[in-house]
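Note sheet for the following structure.
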Amino acid sequence: MPFLPSVEAADTDALADALAQALDAHGACRLPAFPDDAATRALREELLRVKGDLVPAAVGRGIGRGTRTEIRGDATLWLDDARTGAAAAAYLASLDALRVALNRRLFLGLDEVEAHYAAYPAGARYAKHRDRFRDSDLRVVSFVTYLNPDWRDEDGGALRLSLDTGDIDVVPRTGSVCFLSELEHEVLPATRERCSIAAWMRRRA
Ligand code: OGA
Ligand code: MN
């Protein structure tokens, strides 16, 4: 039976302890209280404010690169873009603190964090993929934060994660999910707009 552990902790070090252990044992983990309610609200408000600046995501590399909504239907904006604000900066800082704490425990050589806001319109999906690019393994840890406090299970839009032990679905309401970037996963279509942040901890090129 697939099992996705949940970790909650009072501070970054305790969270990193639990997260490192969960990633080591299961390759993935939920963080239901990260970020906290106030930060989640601020991030959602900021995403809605910059929504007009989000750009449809492209897939593929080189000459084959382009928008293919049947594969990937979200629109994104990097959190370090000048048009984002204080909520994005605070989120990047807290994720970076977690990266440093995680490095001390797992020796993954995580050098930096990158993150983008993402909005999936109703019906949009992201077909099964890995976050590691085919020709590089810079992305080591994937981190997704959900910004949909009033999401109901029947709204759909689950993240389907393929663990060694089987597939498991994560409802995209609030909190975060963290997994090794080598794991396959997909975003199922929803009946309404689905807001999130996708982040990665990566090695330097
Ligand atoms: C991604 C991704 C998952 C999600 O952006 O690469 O897999 O649940 N997102 O939004
Ligand atoms: Mn992904």
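Counting starts at 1 for both ligands and their atoms, following the listed order. A quick note: this is a predicted structure, and the numbers were derived from the prediction, not measured.
Between Asp111 and Arg203, none of the side-chain N atoms (NZ, or NE/NH1/NH2) sits under 4.0 Å from a carboxylate O, so this pair counts as no salt bridge. Salt bridge absent: Asp53 and Lys51 never bring a charged side-chain N and a carboxylate O closer than 4.0 Å. A salt bridge is absent between Asp131 and Arg139; no separation between the charged side-chain nitrogens and carboxylate oxygens falls under 4.0 Å. The existence of a salt bridge linking Glu182 and Arg130 is excluded, since no basic side-chain nitrogen approaches an acidic carboxylate oxygen closer than 4.0 Å.
If you look at Asp131 and ask which of its N, O or S atoms sits nearest the Mn ion (ligand 2), the answer is OD1.
Remark: minimum distance from atom 1 (C) of ligand 1 to any protein heavy atom is reached at Tyr126 CE1, 3.7 Å. Atom 3 (C) of ligand 1 has as its closest protein heavy atom Val187 CG2, 3.5 Å.
Taking every heavy atom of Val144 and a limit of under 4.0 angstrom, the matching atoms of ligand 1 come to 3 (C), 4 (C), 8 (O), 10 (O). The atoms of ligand 1 that sit less than 4.0 Å from any heavy atom of Arg194 are 4 (C), 8 (O), 10 (O). Of all the atoms in ligand 1, the ones that sit under 4.0 Å from a non-hydrogen atom of Ala198 are 5 (O). The distance from ligand 1 to the heavy atoms of Tyr146 drops below 4.0 Å at these ligand atoms: 4 (C), 8 (O).
Using modelled atom types, one finds no donor on one side chain facing an acceptor on the other under 3.5 Å when comparing Thr84 with Tyr117. Defined by atom type and a distance below 3.5 Å, a donor-acceptor pair is present between the side-chain atoms of Ser142 and Ser181.
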| said: Could you go through Phe143 and Phe34, starting from their C-alpha distance and side-chain angles, then the distance that decides it, and tell me whether this counts as ring pair (Phe, Tyr, Trp, His ring centres under 6.0 Å)? | reply: CA-CA 11 Å; Phe143 205 96; Phe34 182 95; 5.6 Å; yes
| request: Go through the steps to decide whether Asp13 and Arg105 satisfy the test salt bridge (Lys or Arg N to Asp or Glu O under 4.0 Å), and finish with yes or no. | output: CA-CA 10 Å; Asp13 274 320; Arg105 289 159 177 84; 3.3 Å; yes
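Looking at His116 next to ligand 1, no N or O pair under 3.5 Å apart turns up. Remark: ligand 1 and His129 share an N or O pair separated by less than 3.5 Å (distance only, no angle test).
Residue-ligand proximity: Trp200 is placed with a non-hydrogen atom under 4.0 Å from ligand 1.
In Glu186, neither the side chain nor the backbone holds a heavy atom less than 4.0 Å from any atom of ligand 1. Heavy atoms of Asp131 found under 4.0 angstrom from ligand 1 belong exclusively to the side chain.
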